[in-house]
Structure formats: C-alpha cells, structure tokens
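In what follows, a structure is listed as structure tokens, so that the remarks can point back to it.
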Amino acid sequence: MCLAIPGKIVELLPEDRSLAVVEVLGVRRKVDLGLLQEEPPVTGDWVLIHVGFAMSKIGEEDALQQLRMLTELGESDAAVEEVRGYGLGDSEGQGSRAGPGEENTPCDLSTNFANPN
Amino acid sequence: MTTAAPKIRFRDPQVEMAHGAGGKASRRLIDGLFAPILFGSAPAPLGDAAHININGTCVAMTTDSFVVRPLRFPGGSIGELAVNGTVNDLAVSGARAQALVVSYVLEAGLPTEILEAEVRSMAAAAATAGVVIAGGDTKVVEHGKADQMYITTSGIGRLIPGLSISPAAVRRGDKILLSGPIGDHGITILLARGELDLEADLRSDTRSVLPLVEALADAVGAGVHWMRDPTRGGVATSLNELAHDCGLGIMLSEDRIPIRDEVRGACELLGLDPLHIANEGQFLAVVAAEQAEAALDALRETPGGEEAALIGEVGEQPAGAVLVTTLYGGSRIVDMLVGDPLPRIC
Amino acid sequence: MRFVDEFREPELITRTADEIRRLADPMRHYRFMEVCGGHTHSIYRFGLKDLLPSNIELVHGPGCPVCVLPMGRIDDGLSIAEQPNVMFTAFGDMMRVPGTHGSPLEYKARGMDVRIIYSPSDALKLARNNPEKHVMFFAIGFETTAPSTALTLMRARAEGVRNFSVFCNHVTIIPAIRAILDSPDMRIDAFIGPGHVSTVIGCRPYAWIASHEDKPIVIAGFEPLDILQSIVMLLRQLNANERRVENQYKRAVPWEGNRAALKAMAEVFELRPYFEWRGLGFISQSALRIRESYGEWDTERRFSVPGVRVTDPKAAQCGEVLKGVLKPAQCKLFGKECTPEHPVGALMVSSEGSCAAYYNYEHRKTAALTSVFPLPASLGA
C-alpha cells in the first residue's frame with residue numbers, strides 16, 4: 001500500500017485539467033491530480049505519486065525543517081539554544097501539518113536540552 | 001564401469017515464463033533437467049561459453065536466443081542484441097569471437113522491410129564487433145507464433161592469451177569490477193513496451209564488450225579470475241551464481257554501483273531493484289586485489305569504459321550469497337529473482 | 001531538492017542512529033510495530049535493523065494488502081478471468097500470489113488474458129481501447145490506494161465506459177491495528193504509523209491508540225531518516241511517559257488528511273459489514289465494497305462470484321506471523337515448503353510480506369559481516 005514517490009510537476013495538460021506530467025529523476029509519466037482538486041498544484045510543485053495519482057503536495061519547508069532538526073541532533077547545548085532562538089515555527093501553506101496540542105517541532109529540542117545524556 | 005542414470009530434479013509440471021527469466025526458476029530448469037541429461041551427473045559449473053579442445057586447439061563456443069518485444073527500441077534492436085550478446089558471452093568466457101552463424105525463426109506475415117532492417121542491423125553490429133557472420137538458417141512459422149521473429153546466434157572464437165577464468169580461481173580479497181552503469185537495457189525495453197506509460201531519455205546499452213575485455217587482459221592477464229555479462233536477471237543474478245559456484249561471499253558497496261538517474265527514477269517509481277535489471281553492454285570482472293587498480297585504470301582508459309567502477313569484493317561471508325552495504329552501515333542480502341522483475345505498488 | 005536522497009544522507013543517518021542509542025534505556029526491551037508493509041520493505045532494503053541497538057525490536061504488522069487477502073478471493077477473481085472475453089488486470093504485486101489453481105501469471109501462461117498495470121486509470125484505458133473485452137480490475141490496497149480506484153470508477157461512470165468493472169478488495173487500516181491490540185499474545189510498546197495511508201485519512205483516526213490503548217504512535221515516512229527519526233520520537237515519548245499521536249512525515253501528511261480523497265471514497269464505496277482477513281479472521285467494518293449507485297461497475301454484481309472460502313494449510317502460520325506473534329523463521333514451513341519460488345502463503349509472495357522480506361534480504365546474514373566492512377566509528381559494535 002505504500003510505494004509513493006516524490007515527483008515534480010513539469011507540465012499541466014491543457015486538454016484535461018486533472019492530468020499533469022510529473023518527472024522523477026528524468027522519468028516522466030502522466031499523473032492524475034483529481035485527488036488534489038481542493039488546492040490544485042501548479043508547475044514546479046512537488047507531489048507524492050502513488051499508482052499514477054498525486055496523493056498530496058510535498059512541503060519543501062517541512063522537509064527542510066526536518067533536515068535541520070536532524071542535523072542538530074547531538075550538537076552542543078549552546079548550538080541547540082541558538083537554534084531555538086530562530087523560532088522555527090509551524091509550517092504553512094498546505095494546511096497545518098501539526099495537530100492540536102502537538103509541538104510544532106516534532107523533535108522537541110527542549111527535551112534534549114533539559115536532559116542531556 | 002557403469003554410472004548411475006542422472007537424476008532429474010526438475011519437478012514443475014509445465015514450463016512457465018519464469019523459467020526463461022534468468023533467475024532461480026531458470027537455474028532450476030537448467031540444473032534439474034538439462035544438465036543431468038545433457039552433461040552427465042557431475043557437470044562443471046556452467047559458464048557463458050564452452051571451451052572445447054579440438055585436436056589440441058582450444059576453441060570457445062556458445063549460443064544464445066533473442067526474443068524481445070518490441071523488436072526495435074532506443075539504442076538498438078533484436079538484430080544487434082543477437083550479435084553483441086553472443087560476442088559478449090564469448091568475451092567474458094575469455095575468448096575473441098571469430099564467426100557467428102545465425103538462425104531465424106520468422107512469423108508468416110512479417111513485413112520484409114522489418115526483416116531487412118534487422119539483417120542490416122546485424123551486419124553493422126558484426127562489422128563493429130569485428131566478427132564474421134558465416135552462415136545461417138531460416139524457418140517460417142504460422143502467423144501468431146514467433147512474435148514476429150526469434151533470432152538465435154551461435155559463435156565460435158579463439159581464447160584470449162593470458163586469461164584463465166573460472167569460479168575456482170576466485171579468492172578471498174579479490175575485487176569486483178563493473179564496466180559501466182546498470183539497468184539501461186532492461187528499463188529501456190520496459191518503457192518501450194508502452195504499457196506503463198513512462199517516458200525517459202534512455203537507450204539500451206547493447207554493444208560488444210570485447211574491446212574492454214581485451215584491455216583488461218592486456219593490463220592484468222591472469223589477474224582476472226572470473227567474468228560474466230549480467231544479462232537477464234541483472235548483476236544480482238550473475239554474482240549469486242558466482243557466490244554459489246565458488247562458495248565464497250560477495251560484498252558490494254551500494255554507493256559505488258554506477259547507475260543513471262533515469263534508471264533509478266524508473267526503478268523507484270515501479271518498485272524495482274536495479275540489481276535485477278538486464279544489461280546488454282556491461283560485464284563484471286573479479287580481479288586479484290593487488291591488480292584491481294591497474295584493471296580499473298585499463299577499463300577507464302578504453303573508449304566505452306569511462307564509467308567502470310570497483311563495486312565490491314569477495315570474502316568468506318556471507319558464504320554463497322551476495323550482500324549489499326550502504327555508506328551508513330546498513331546491509332541487505334540480494335538474492336536472485338524467481339522470475340522477471342514485476343512492478344509493485346506496495 | 002529531491003526529497004529522497006536528502007533523507008538517505010549517511011551522516012544524518014549515523015547521527016540519528018546515535019541519538020537512538022542515547023535515548024534507548026539499556027534496561028528495557030522495546031517492541032515497536034511498524035504497521036505498514038511498505039515500512040517492512042524499507043527497513044529491510046536499507047538495512048536499518050543493523051543500526052538499532054539490540055534492545056529495540058521491530059515487529060512487522062499486518063499492513064500488507066496482498067498478505068491479508070484470503071486465497072478464496074484470489075480464486076474468485078481468477079474464476080471471472082476464465083470467462084470468455086474477460087481481461088484480468090492487477091498490480092504487479094498480485095501476479096505471483098497463489099490461488100488454489102495457480103497464480104495470475106500461471107493463468108496467463110495457460111492462455112488467459114492477464115495484464116499487469118501500474119494504475120487503475122491504465123485499466124480504464126484498456127477498457128476504452130478494447131471494447132470487445134470486459135476489463136476487470138482486481139483492486140487491492142488500504143486507504144492509500146482506494147481513492148484512486150474510487151476516482152477511476154467515477155470517471156468510468158462519467159464517460160459511460162460499460163466494459164469495465166472493479167473487483168474490490170480494499171481494506172481499512174484501523175480495524176487491523178485494533179485486531180493486533182486485541183490479540184492476547186500481543187506486547188507492543190509503540191507504533192510506527194503508516195505514512196502513506198495517513199496522507200488520505202490524516203492523523204486523527206489514531207487518537208484512540210494513544211488515549212485508550214496507552215501507546216505512542218508516530219506517523220512515519222519511508223526513507224531511512226524518516227523511520228529512524230520516528231524511532232527517536234517514540235523513545236522520547238516513552239522516556240517522558242507521554243502517549244501521543246505525532247506526525248513525523250509532515251512534508252507529505254496533512255493532519256486532517258485529504259478531503260477530496262475521502263469524499264471520492266465515500267461517493268463510491270461503503271463499508272462491508274464484515275470481511276475475512278487472512279490470518280486475522282473475520283473483522284467487521286474493515287473492508288470496502290462498491291455502492292449500488294456504481295453497481296454496474298462492480299465485478300461482484302456483474303458476474304456471479306463463487307465466494308468459496310479456502311482455508312490455509314494447517315501448517316502455515318501466516319496468521320501468527322501477520323500479527324507479529326511469530327517471526328517468519330519460526331513458521332514451520334519457512335524456507336522449506338514455503339519459499340519465494342514456491343510460496344504457500346501470501347506473506348512469502350508479496351515483496352513487503354514479512355516472510356519474503358526476511359527471506360530475500362536477511363536470513364543468510366551472519367555476524368561475521370561487521371569484520372569485513374568496518375562501520376563508522378560512531379556506530380560502534
């Protein structure tokens with residue numbers, strides 16, 4: 001149920017608004033955008049593709065945030081404090097990815113800071 | 001002295017597509033039915049070509065059939081595969097192809113222009129490969145059979161001096177070389193069939209690898225212990241066969257295996273492992289450790305070998321199997337496939 | 001950015017694995033279940049178990065839609081393929097799954113029209129291009145795949161394509177998780193949640209796992225960093241005695257899910273009162289069938305389906321392996337009567353079935369390996 005791959009929309013098809021050409025590492029296929037009609041993607045957007053349908057838009061900011069947090073794992077407390085000061089807030093754009101009551105930063109840096117091991 | 005009648009170990013009630021795919025099912029058919037009947041009860045490991053002694057002269061001989069759909073695809077056609085495939089089988093057995101004979105099985109109704117195009121392709125491929133097409137045979141079968149055409153080529157060649165290839169020659173610590181990027185052919189064919197609606201700028205890698213093999217022989221001679229061209233079943237199948245035949249373990253570094261972006265992309269989309277995809281213009285070589293660098297340089301300096309890479313080495317473990325390791329230390333066993341690789345969605 | 005390679009970056013993976021070692025309490029033995037077969041596949045493919053300390057055990061869950069399909073349903077689908085002028089279409093995953101009289105590929109070898117497709121829309125296209133045939137799509141999958149089937153049925157109806165029908169075997173994930181938690185042999189500490197199913201259903205449906213079953217669950221992506229980060233998040237929750245649903249896969253999973261996808265599913269499908277799951281038995285409200293309004297495109301209404309129940313051979317322990325009670329190697333048939341070449345149960349055929357994954361990727365690895373490829377210093381031994 002789970003093979004879904006990120007691909008970039010390189011062309012929207014004029015004759016059928018629900019179809020787009022998506023590219024994955026130079027391989028192109030027509031993908032159905034029918035499940036994303038509430039917020040249709042545009043050329044240049046990245047989408048998650050499963051069985052020829054786009055399932056969701058991929059949030060670049062969310063991805064970058066995740067990578068930043070992982071990069072910070074294991075760094076010194078000072079570095080951790082500095083990063084918290086940047087205020088990496090909630091992600092915007094594709095609707096909230098954080099649930100009510102859920103930390104905006106899924107890896108709570110404060111835990112790391114409070115309980116250094 | 002009488003020998004016991006060879007035991008047939010092949011139990012499948014009928015022939016399936018998987019038996020021709022180059023993986024485990026193919027192995028079962030060959031080891032379990034053909035080998036006992038044709039080669040006696042204790043055959044030597046099967047290689048890409050047979051080396052036959054005729055009155056003191058050793059010649060190499062091989063045969064291969066080509067059934068591909070579509071007949072023409074980016075980068076080549078069935079005719080070129082038929083020439084290069086047999087030249088390559090001889091090359092990786094350590095022989096320089098001298099002559100081929102070709103057998104055509106043609107479907108009634110096949111337009112002449114299609115046949116002529118293939119024959120011209122074969123002539124051109126033979127000229128490029130430096131091999132003579134010395135004769136042939138033609139049969140025509142009813143419309144609906146033979147998928148337009150099947151081509152079989154048989155080749156004969158002289159041994160390349162200095163080379164002595166066998167699984168028995170492979171040692172712990174030997175390095176594994178690969179002549180170039182994997183998966184181009186298999187993915188090109190998959191896309192050319194048009195059933196999956198994928199498009200990419202990819203071509204079959206079909207070519208004669210003889211010049212590269214000769215460069216290797218020149219550079220390190222007896223340092224080459226084993227070679228194979230990873231056709232159907234891919235690199236995984238060829239190396240599993242080696243591991244099985246020599247009883248040692250093969251370890252590959254995933255990040256060192258050359259692969260084009262488009263092949264990676266198609267494999268990711270379809271859930272395929274590039275190590276199982278067919279190649280028609282590449283070969284694997286197992287080389288003595290101290291000569292591996294010279295071997296790699298020789299390949300890279302030969303036109304067509306620029307992307308050659310050292311992808312792994314031979315070890316004690318995992319005995320009889322192939323292990324692929326990532327840069328971060330995760331590893332997995334790569335086995336032979338049962339049959340053809342199938343796209344998956346899960 | 002490509003959203004794949006970045007999440008396979010070796011340095012970051014090493015760091016995250018280090019964090020896991022830092023967080024894991026050496027006095028505890030953790031059992032984390034990854035629900036989704038896609039995660040099982042990723043774990044084996046990327047060799048992630050090699051990076052975990054020995055006191056973290058990953059238990060494979062039942063989220064493999066091929067594995068949970070009873071053989072009777074495969075027989076039913078193939079019996080329709082035997083009828084004249086019927087084209088049987090399915091994903092590659094289904095092609096080697098054994099029915100009583102053979103797999104779809106074996107039926108193809110006997111002359112039946114069997115086609116591998118990548119998308120349900122490809123099946124509809126085949127129907128348009130082959131008006132003299134009836135194209136039947138053998139649909140499988142959890143909520144990740146069901147919306148695409150739904151949309152395809154909506155298109156079929158809108159275009160009036162009559163020679164097309166769907167044999168619907170879509171199942172839903174929450175009842176499967178419930179069945180795991182209800183099982184008396186179970187001891188799972190936390191869940192690695194199905195990332196792609198969640199792009200459709202969102203994260204809310206898992207709330208009861210945290211609040212009522214008292215287990216943390218992290219919705220995870222499928223790259224090595226996603227799975228490892230999810231384990232970090234689970235360990236942090238357990239260490240802080242928290243029980244929450246968290247979304248690790250934020251770049252792809254909206255908390256509320258995909259409304260358009262859910263709408264399409266509701267338009268076309270309804271819940272079956274009950275459905276038999278291989279290994280788990282009958283579960284109520286756990287599978288989808290096509291509504292009467294789309295009855296003309298429902299294979300089960302267009303054709304008479306035998307509906308035979310086929311029980312698995314007694315010796316096959318697919319059920320226990322599916323529930324994570326047994327490891328694949330503990331099944332009596334594993335590696336002997338049941339191998340990928342001649343599978344007895346679907347867990348050995350599907351590439352994400354735990355038995356196939358274990359057989360193909362793992363079961364010949366030995367401890368001697370670490371001496372050959374030295375691991376980066378920080379991973380230690």
Side-chain angles (χ1 to χ4, degrees), chain B residues 11-12 14-19 23-25 27-28 172-173 195-198 243 249 251-255 261 264-265 268-273 312-346, chain C residues 4 8-14 17 37-38 41 44-51 64-66 91-93 95-96 105-106 108-110 115-119 122 125 140-141 144-145 224 339-341 350-352 359-376 379:
Chain B
R11 301 253 174 273
D12 300 32
Q14 64 183 38
V15 173
E16 307 284 349
M17 289 303 291
H19 295 126
K24 285 189 185 176
R27 245 343 240 229
R28 242 198 357 257
R172 241 184 337 146
E195 289 153 8
L196 298 168
D197 247 335
L198 295 176
M251 282 141 334
L252 302 181
S253 298
E254 188 163 54
D255 62 293
D261 274 351
R264 259 188 79 195
E268 281 190 15
L269 268 167
L270 300 172
L272 301 171
D273 188 339
E313 65 176 38
V314 180
E316 204 69 57
Q317 298 291 345
V322 177
L323 187 82
V324 175
T325 306
T326 61
L327 273 179
Y328 49 81
S331 65
R332 72 182 195 275
I333 294 280
V334 178
D335 205 348
M336 274 195 224
L337 276 193
V338 176
D340 279 312
L342 295 176
R344 59 184 182 92
I345 64 116
C346 286
Chain C
V4 171
R8 298 183 189 177
E9 211 277 301
E11 170 61 36
L12 283 182
I13 290 175
T14 306
H41 187 93
Y44 279 114
R45 180 205 163 168
F46 296 115
L48 296 181
K49 286 188 176 186
D50 297 338
L51 307 180
C64 163
V66 172
F91 300 132
D93 314 60
M95 288 295 153
R96 290 208 189 96
L105 271 188
E106 283 166 342
K108 188 180 167 92
R110 299 201 281 267
R115 315 264 183 121
I116 300 175
I117 53 171
Y118 167 72
S119 169
D122 293 343
K125 188 163 143 196
I140 56 159
T144 326
T145 321
T339 67
E341 274 192 278
S350 168
S351 54
E352 62 172 30
Y359 189 98
N360 286 325
Y361 293 120
E362 185 110 345
H363 104 275
R364 280 173 298 167
K365 273 161 74 167
T366 67
L369 299 173
T370 50
S371 63
V372 178
F373 268 138
L375 297 176
L379 279 180

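Numbered from 1 within each chain, the chains take letters A, B, ... in sequence-line order. We use all heavy atoms of the structure for the numbers below, so side chains are in, but hydrogens, waters and symmetry mates are not.
The minimum heavy-atom distance between B:Ile345 and C:Tyr118, with the atom names listed, is CG2-O, 4.0 Å. The nearest pair of heavy atoms linking B:Gly330 to C:Leu51 is N-CD2, 4.2 Å. Minimum heavy-atom separation, B:Ala25 to C:Glu341: N-OE2, 3.9 Å. Heavy atoms only, all atoms of each residue included: B:Tyr328 and C:Pro224 are closest at OH-CG, 3.8 Å.
Of the atoms belonging to B:Gln14, it is side-chain heavy atoms, and not backbone ones, that fall under 4.5 Å from chain C. Heavy atoms of C:Arg115 lying under 4.5 Å from chain B are absent altogether. Using a 4.5 Å cut-off between heavy atoms, B:Arg264 contacts chain C through its side chain alone, with no backbone atom that close. B:Leu269 touches chain C through backbone and side chain together, each having a heavy atom under 4.5 Å away. Heavy-atom distances place both the backbone and the side chain of C:Glu106 under 4.5 Å from chain B.
In this structure, OG1 on B:Thr326 lies 10.5 Å from CZ on C:Arg45, to the nearest 0.5 angstrom. Expressed to the nearest 0.5 Å, how far CG of B:Leu196 lies from CG of C:Asp122 amounts to 7.5 Å. We find the NZ-CD distance between C:Lys125 and B:Glu195 to be 10.5 Å, quoted to the nearest 0.5 Å.
With chain B as partner, the option from C:Met95, C:Arg110, C:Arg8, C:Glu9 having the largest number of non-hydrogen pairs under 4.5 angstrom is C:Arg8.
Put simply, the side chain of C:Cys64 does not reach to within 4.5 Å of the side chain of B:Cys346, judged on heavy atoms. Taking 4.5 Å as the limit, some side-chain heavy atom of B:Leu342 sits within range of a side-chain heavy atom of C:Leu105. In this structure, C:Lys108 and B:Met17 have side chains that are not in contact, with every pair of non-hydrogen atoms separated by 4.5 Å or more.
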